[in-house]
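Just below is one structure, and these are the notes that go with it.
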Amino acid sequence: MSSKISLTRYLVEKQRVQGHIPAQLRLLLEVVARACKGISHAVNKGALGGVLGSADSENVQGEVQKKLDIIANEVLIEANEWGGHLAAMASEEMEGIYVVPNRYPKGEYLLLFDPLDGSSNIDVNVSIGTIFSVLKKQGDDPNTIDPVNEADFLQKGCQQVAAGYCVYGPQTTLVLTVGDGVSMFTLDREQGSFVLTQEDVRIPEDTKEFAINMSNMRHWDEPVQRYINECLQGRDGERGKDFNMRWIASMVADVHRILSRGGIFMYPWDKREPHKPGKLRLMYEANPMAWLVEQAGGAASNGRERILDIQPKSLHERVSVILGSKNEVERVTRYHQA
Ligand code: AHG
Ligand code: MN
Ligand code: MN
């Protein structure tokens, strides 16, 4: 008998033995994982599957959609709409929310996702991923079917009931939290299932590695300039140690590295578009990643407040993101207060 623990067994035990998650949430997470498996297969086919390149359309953020952005979005919707566990979904690739059609039973959960993160890396065979966040529709009377609307989604990140991502890299790895730590599962392609490969993931509190798009340096605010300048000065400067830099340009892959060996990731506000709070989206990029990072002992801030405490005002709102090793994130936050 194999001692491998599949995602299915892990979730069943979370529900049954530990009572951590309700059955509907377990089903939801299984379905999301199945969808990610489907996306992983599409990603792997690459040019052979005709999935590369642009789709000649734009999403609500005015970004050109890649074929895989649309394919991944459809895979997630089709997998999740009929199971009875959801009330509605929201995605980077859809302007409004997607209410579960009336022909299907409805549940109390809300699912948000960035179906394909790191779109600029799709065609060059560099790691990309799917990010997801699960909320519970508030104030529901189980005996009435209240209409669901966008306002139901506008909950703070600290109200998430599950969050995770799947990274499509040299391995396909699903990373998950339901609020009691972070676990990682690697896709076993022969078995067709995700297998638990790391439990109780911890991010070291200190690091010598930062991730930021340096080409934007001249546009950053003073506190971020100060922090990076000090890192660049290395052992001769304020920090007294040499730093290394990594920037994959897929948040999923950069955060995965930080969960695996520590580091700090920043996509800060900058002066190019001063009215835009940042590039990354609060509800389906920053919030799930912030919760994973906090659950692994790290920190996540916008420079002024904890990301998980920000009250969202709209589905696609953007936010400045600083996350990873706790002492470094706290240092950057301190620089913002100085
Ligand atoms: P998406 O592909 O979902 O639009 O997200 C891309 C994001 C994020 O994954 C990454 O950290 C960042 O954009 C990269 O931005 P730059 O190209 O400006 O470095
Ligand atoms: Mn993204
Ligand atoms: Mn995306």
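Not measured: the values here are computed from a predicted model.
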Take atom NZ of Lys37 as the centre, draw a 6.0 Å sphere, and report whether it contains more than 12 heavy atoms from other residues, nucleotides or ligands.
yes
Return yes when atom NZ of Lys271 has more than 12 non-hydrogen atoms of other residues, nucleotides or ligands closer than 6.0 Å, and no otherwise.
yes
Heavy-atom pair of closest approach, residues Ala33 and Leu7:
CB-CD2, 3.3 Å
Are the side chains of His85 and Leu111 in contact, using a 4.5 Å heavy-atom criterion?
no
Tell me yes or no: between the side chains of Glu30 and Thr8, is some donor less than 3.5 Å from an acceptor?
yes
Can you check whether Met251 reaches Met289 side chain to side chain, under 4.5 Å on heavy atoms?
yes
Same cluster for Ile228 and Ile248 if Ile/Leu/Val/Met/Phe/Trp/Tyr side chains link at under 4.5 Å?
no
Could you check whether Thr130 and Tyr168, counting side-chain N and O atoms only, form a donor-acceptor pair closer than 3.5 Å?
yes
What I'd like to find out is whether the side chain of Glu199 reaches to under 4.5 Å of the side chain of Met184, using heavy atoms alone.
no
A side-chain contact here means heavy atoms from C-beta on lying under 4.5 Å apart; do Pro312 and Gln155 qualify?
no
Are Trp291 and Phe132 connected in the hydrophobic side-chain network, where two residues link if heavy atoms are under 4.5 Å apart?
no
Has Asp152 got a side-chain atom pairing as donor or acceptor with Asn149's backbone, closer than 3.5 angstrom?
yes
Any Ile264 side-chain heavy atom under 4.5 Å of Ser325 side chain:
no
Got a second to check how far Leu52's CG is from Leu68's CG, nearest 0.5 Å?
6.5 Å
Regarding Ser40 and Arg189, do their side chains bring together a donor and an acceptor under 3.5 Å, going by distance alone?
yes
Residues at least two apart in sequence or cross-chain that pass salt bridge (Lys or Arg N to Asp or Glu O under 4.0 Å) with Arg257, listed by chain then number, are Glu209, Asp254
Residues Lys326 and Glu330 bridged, charged N to O under 4.0 Å:
yes
Closest non-hydrogen atom pair, Val293 against Gly324
CG1-N, 3.7 Å
Do Asn73 and Ser91 pair up side chain to side chain, a donor and an acceptor below 3.5 Å, judged on atom types alone?
yes
For the atom pair CG (Asn121) and CD1 (Ile128), what is the distance rounded to the nearest 0.5 Å?
8.0 Å
Between the main-chain N or O of Gly192 and the side-chain N or O of Asp188, is there a donor-acceptor pair closer than 3.5 Å?
no
Between Gln24 and Glu108, is there a donor-acceptor pair closer than 3.5 Å when you use the side chain of the first and the backbone of the second?
no
Is Glu230 salt-bridged to Arg226, cutoff N-O under 4.0 Å?
yes
Could you check whether the rings of Phe185 and Tyr10 sit parallel, tilted or perpendicular, using 30° and 60° as the cut-offs?
perpendicular
Geometric cation-pi criterion, Lys106 with Tyr104: 6.0 Å, 45°
no
Does Arg272 CZ have over 12 foreign heavy atoms under 6.0 Å away?
yes
More than 12 foreign heavy atoms under 6.0 Å from CD of Glu273: is that the case here?
no
With a 4.0 Å cut-off, would you call Arg239 and Glu328 a salt bridge?
yes
Glu317 with Arg281: basic N within carboxylate O range, under 4.0 Å
no
Gln15 and Ile21: which non-hydrogen atoms are nearest, and at how many Å?
CG-O, 3.2 Å
Check: Gln65/Glu58 side-chain N/O donor and acceptor closer than 3.5 Å
no
Val100 and Leu86 have their tightest heavy-atom pair at CG2-O, 3.4 Å
Side-chain heavy atoms of Arg202 within contact of Leu259, under 4.5 Å
no
Mind listing the closest non-hydrogen atom pair of Cys231 and Phe210 along with its distance?
CB-CE2, 3.7 Å
Could you check whether the rings of Trp247 and Phe265 sit parallel, tilted or perpendicular, using 30° and 60° as the cut-offs?
parallel
Hey, mind stepping through Ser119 and Asp69 against side chain to side chain donor-acceptor pair (under 3.5 Å) and telling me if it holds?
CA-CA 7 Å; Ser119 301; Asp69 287 322; 2.8 Å; yes
Rounded to the nearest 0.5 Å, how far apart are CG of Leu11 and CG of Leu27?
10.0 Å
Of all the heavy-atom pairs spanning Ala290 and Leu308, show the shortest one and how long it is.
CB-CD2, 3.9 Å
Should the pair Lys276-Asp270 be classified as a salt bridge under the 4.0 Å nitrogen-to-oxygen rule?
no
To the nearest 0.5 Å, atom CD1 of Ile307 lies from atom CD1 of Ile322 at 7.5 Å
Is a donor on one side and an acceptor on the other found under 3.5 Å between the side chain of Gln159 and the backbone of Lys156?
yes
Quick check: are there more than 12 heavy atoms from other residues, nucleotides or ligands sitting under 6.0 Å from CG of Asp242?
yes
Sub-4.5 Å side-chain heavy-atom contact between Val178 and Val161
no
Quick one: does Arg318's side chain have a donor or acceptor within less than 3.5 Å of a partner on Lys279's backbone?
yes
Atom NZ of Lys241 with >12 non-hydrogen neighbours under 6.0 angstrom
yes
Do Ser250 and Asp117 have side-chain N/O donor and acceptor atoms under 3.5 Å apart?
no
Looking only at atom types and distance, does a side-chain atom of Asn229 sit under 3.5 Å from a main-chain N or O of Gln225, one as donor and one as acceptor?
yes
Does any non-hydrogen side-chain atom of Phe194 lie less than 4.5 Å from one of Thr186?
no
